[in-house]
Amino acid sequence: MDQLRIRGGQRLRGRVRAAGAKNAALKMLAAGLLTRDELVLSNVPQLADISTMSRLLSAMGAKVRRHGDTVTVRSDGLTSTEASYDLVKTMRASIVVLGPLLARAGSARVSLPGGCAIGARPVDQHLKGLQALGAEIRIEHGYIVADLGQKRRLRGARIVTDLVTVTGTENLMMAATLAEGETVIENAAREPEVVDLAGCLNQMGARIRGAGTDRITVEGVESLHGAAHRVMPDRIETGSFLIAAAITGGEVVVEAAAPGTLDAVLDKLREAGADIQTGEDWIGLRMNGRPRAVDLRTAPYPAFPTDMQAQFMALGCVSEGVGTIVETIFENRFMHVLELQRLGADIRIDGNSAVVHGVEKLSGARVMATDLRASASLVIAGLVAEGETWVDRIYHLDRGYERMEQRLAQLGALIERFGAIRPSTA
Ligand code: EPZ
């Protein structure tokens, strides 16, 4: 398994380009199932999860082609509506094929995604919403088996989700595009990725209004057509680079970014003492002196994103003062704390709160990534830890960050990837 070796102490400087958003592109690939025509997606990041989704669609008979950062999906000849356990177990987001398959083909057999490192992550709201749209659903042998019974199409409905769910909203929104009549999704997720997906679907001929608010209305249509859509920049990757710059006392510009999707994160960085400048599609950060500790609480958009919690905790580890981080979205998203403590961090967990006492310095050690964002926080902490930090299990990082070590090295970090064979010094 690949590992990263980081030698801490370099200030990051320079420019880096944000890649396309993983959490937008994944759902748009699944949206390709909603039409017989070709869907052309550009600015698609090169990530393990994108490859998994492509394999999932290909296994159903869709033709998925990649040229550089452009992926085309054509699913005119679907041969199966099954998403197998072997693929779904590697990527929970596979659940978003359920809505499109039901809407387009009238049936679906999708492996029930199990829990993951950060939480139980049930899909009850997805199923509740699809049943409201007229689907008949049962769980059999670990699979969600869904069809339309005697009905020819799904039918519009008013759905109130019990909690804000991003992929739940997206699954229901996609299913509703081909339903008979109007669907209203109340308590909908407002994440920018939901808005980008709605934009892509509307380019395919869907009639979606209100994406970005907590009430989304979808007027169902008979069929959708092909389209070309550019995936939005990845705001979580962008935020991760900015925190890497801040923790090293550096000066970095992230280009091809979407500043408007990062307000809560930029506010917290300013509170920590960063000087932030923004333009239409770039964000510049300069950090003079030691960061100040801040308190933060994760919550659905537009509040502070849970996907930035671990990275911000790494910054808190070397900040001046004490900060409290409250995680309200996932019940087990502090796995990185034990590993940060191995680097000398002073963090105390109490339920879904972590109290971070900033220390003068961290010291390099061997640490292990446990999930995608935890791996980013360990890399960021390694950038300032004295000596060498070795991060194991970086396949987690590759799921959501495109060539992360090369782009950090471009900014001046001393970071290298090693396969199974490590230099004798390790
Ligand atoms: C999406 O996950 C993202 N993943 C996650 O990013 C992100 O952390 C999360 O939204 C929250 O912003 C993708 O888009 C692929 P939720 P999702 O449904 O949709 C509970 C990353 O690092 N819930 O909004 O699966 C759930 O357990 C990943 O890129 C139910 O109880 O998250 C959680 O506690 C990690 N029942 C909360 O709601 C349901 O039916 C929010 O989950 C659905 C969700």
Side-chain angles (χ1 to χ4, degrees), residues 19-31 45 47-50 52-53 56 88 90-99 110 112-132 137 139 144 159-174 185 187-197 214 231-232 234-240 261 264-265 298-312 327-333 335-336 352 369-377 396-402 404:
K22 166 181 81 83
N23 290 346
L26 285 173
K27 296 38 171 304
M28 290 171 194
L29 289 168
L47 299 171
D49 278 8
I50 297 289
T52 304
M53 183 58 86
L56 194 63
V88 174
T90 64
M91 183 184 68
R92 299 179 41 72
S94 311
I95 189 73
V96 295
V97 300
L98 180 59
V110 175
L112 202 56
C116 85
I118 65 176
R121 304 183 73 177
V123 292
D124 55 309
Q125 298 302 305
H126 301 236
L127 305 186
K128 173 185 143 180
L130 291 170
Q131 281 164 328
I137 297 180
I139 307 298
I144 300 163
I159 303 164
V160 184
T161 56
D162 302 346
L163 41 76
V164 174
T165 161
V166 175
T167 47
T169 300
E170 294 165 329
N171 231 338
L172 300 176
M173 187 168 74
M174 288 196 276
I185 305 170
N187 198 22
R190 301 163 56 186
E191 268 66 6
E193 293 77 17
V194 174
V195 176
D196 201 25
L197 175 63
D214 60 7
V231 176
M232 64 174 281
D234 195 309
R235 61 192 169 107
I236 306 299
E237 184 205 65
T238 300
S240 304
T261 64
V265 175
T298 68
Y301 192 87
F304 190 93
T306 174
D307 293 348
M308 287 299 304
Q309 177 255 100
Q311 300 92 312
F312 223 99
E327 173 57 55
T328 72
I329 306 275
F330 291 109
E331 67 274 20
N332 189 33
R333 204 167 204 181
M335 299 284 279
H336 40 283
N352 69 342
T370 48
D371 62 78
L372 168 57
R373 307 305 170 184
S375 55
S377 81
H396 287 292
L397 191 76
D398 295 336
R399 295 190 54 182
Y401 294 93
E402 195 179 290
M404 186 65 156

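For this chain, numbers begin at 1 and follow the sequence in order. Counting convention: from 1, in listed order, for ligands and their atoms alike. This is a predicted model, so every value here is computed, not measured.
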Inset, instruction - Please work out which of P122, G168, P113 has its closest non-hydrogen atom nearest to atom 43 (C) of ligand 1. - result: P122

Inset, instruction - Considering only non-hydrogen protein atoms, determine which one is nearest to atom 19 (O) of ligand 1 and report residue, atom name and distance to 0.1 Å. - result: T167 OG1, 2.6 Å

Inset, instruction - Rounded to the nearest 0.5 Å, what's the gap from CE on M232 to CG on L197? Could you check? - result: 11.5 Å

Legend entry - Interatomic spacing from OG1 in T167 to CZ in R121 - rounded to 0.5 Å: 7.0 Å

Legend entry - Side-chain heavy-atom pair D234, Y401 within 4.5 angstrom cut-off: no

Inset, instruction - Taking the side chain as every heavy atom from C-beta outward, state whether R373 and Q309 have any pair of such atoms under 4.5 Å apart. - result: no

Inset, instruction - Check ligand 1 against R121 and write out every atom of the ligand that is under 4.0 Å from a heavy-atom position of the residue. - result: 2 (O), 17 (P), 25 (O), 27 (O)

Inset, instruction - Nearest 0.5 Å please: distance from the CG atom of D49 over to the CG atom of N23. - result: 8.5 Å

Inset, instruction - Look at ligand 1 and say whether R92 reaches it with a heavy atom at a distance under 4.0 Å. - result: no

Legend entry - Residue, atom name and distance, where the atom is the protein heavy atom closest to atom 36 (N) of ligand 1: D124 OD1, 2.7 Å

Legend entry - Which residue and heavy atom of the protein sit nearest atom 29 (O) of ligand 1, plus the separation: R373 NH2, 2.8 Å

Inset, instruction - Identify, by atom number and element, the atoms of ligand 1 in contact range of K22, meaning under 4.0 Å from any of its heavy atoms. - result: 21 (C), 29 (O)

Inset, instruction - Could you check atom 8 (O) of ligand 1 against the protein and tell me its nearest heavy-atom contact, residue, atom and distance included? - result: D307 OD1, 2.6 Å

Legend entry - Distance-only donor-acceptor check, side chains S240 and Q311, under 3.5 Å: yes

Inset, instruction - Output the list of atoms in ligand 1 that are nearer than 4.0 Å to some heavy atom of V166, sorted by atom number. - result: 1 (C), 10 (O), 12 (O), 16 (P), 18 (O), 19 (O), 24 (O)

Legend entry - Atoms of ligand 1, numbered as shown, that sit under 4.0 Å from any heavy atom of R333: 8 (O), 22 (O), 35 (C)

Legend entry - Atom indices of ligand 1 within 4.0 angstrom of Q125 heavy atoms, with elements: 36 (N), 39 (C), 40 (O)

Legend entry - Heavy-atom nearest neighbour in the protein, as seen from atom 32 (O) of ligand 1, with distance rounded to 0.1 Å: F330 CZ, 3.9 Å

Inset, instruction - Would you give the length of the straight line joining atom CG of L172 to atom CG of L130, rounded to the nearest 0.5 angstrom? - result: 5.5 Å

Legend entry - Contact atoms of ligand 1, heavy-atom distance to A93 under 4.0 Å: 15 (C)

Legend entry - Sole residue of R235, K22, K27 in side-chain hydrogen bond (donor to acceptor under 3.5 Å, both in side chains) with E193: R235

Legend entry - From OG1 (T161) to NZ (K128), nearest 0.5 Å: 7.0 Å

Legend entry - Closest approach of D196 to M28 (non-hydrogen atoms, all atoms of both residues): OD2-CE, 3.1 Å

Inset, instruction - Would you tell me which option among T165, V164, T306 has the nearest heavy-atom contact to atom 18 (O) of ligand 1? - result: T165

Legend entry - Closest protein heavy atom to atom 14 (O) of ligand 1, given as residue, atom name and distance to 0.1 Å: K27 NZ, 2.8 Å

Legend entry - H126 neighbourhood, listing ligand 1 atoms whose heavy-atom distance to it stays under 4.0 Å: 40 (O)

Inset, instruction - Run down the list D371, I236, I329 and name the one with the heavy atom closest to atom 33 (C) of ligand 1. - result: I329

Legend entry - Spacing of OG1 belonging to T238 relative to CE belonging to M308, to within rounding of 0.5 Å: 9.0 Å

Inset, instruction - Select one of side chain, backbone, both or neither to describe which atoms of E193 lie under 4.0 Å from any atom of ligand 1, heavy atoms only. - result: neither

Legend entry - 4.5 Å side-chain heavy-atom contact, L47 and R399: no

Legend entry - Under 3.5 Å: N/O of E170 near N/O of ligand 1: no

Inset, instruction - Tell me which protein heavy atom sits closest to atom 3 (C) of ligand 1, plus the residue, atom name and distance to 0.1 Å. - result: N23 ND2, 3.7 Å

Inset, instruction - Check ligand 1 against V123 and write out every atom of the ligand that is under 4.0 Å from a heavy-atom position of the residue. - result: 39 (C), 40 (O)

Inset, instruction - Considering only non-hydrogen protein atoms, determine which one is nearest to atom 23 (N) of ligand 1 and report residue, atom name and distance to 0.1 Å. - result: L163 CD1, 3.7 Å

Legend entry - Smallest separation among heavy atoms of N352 and T328, with atom names: ND2-CA, 4.4 Å

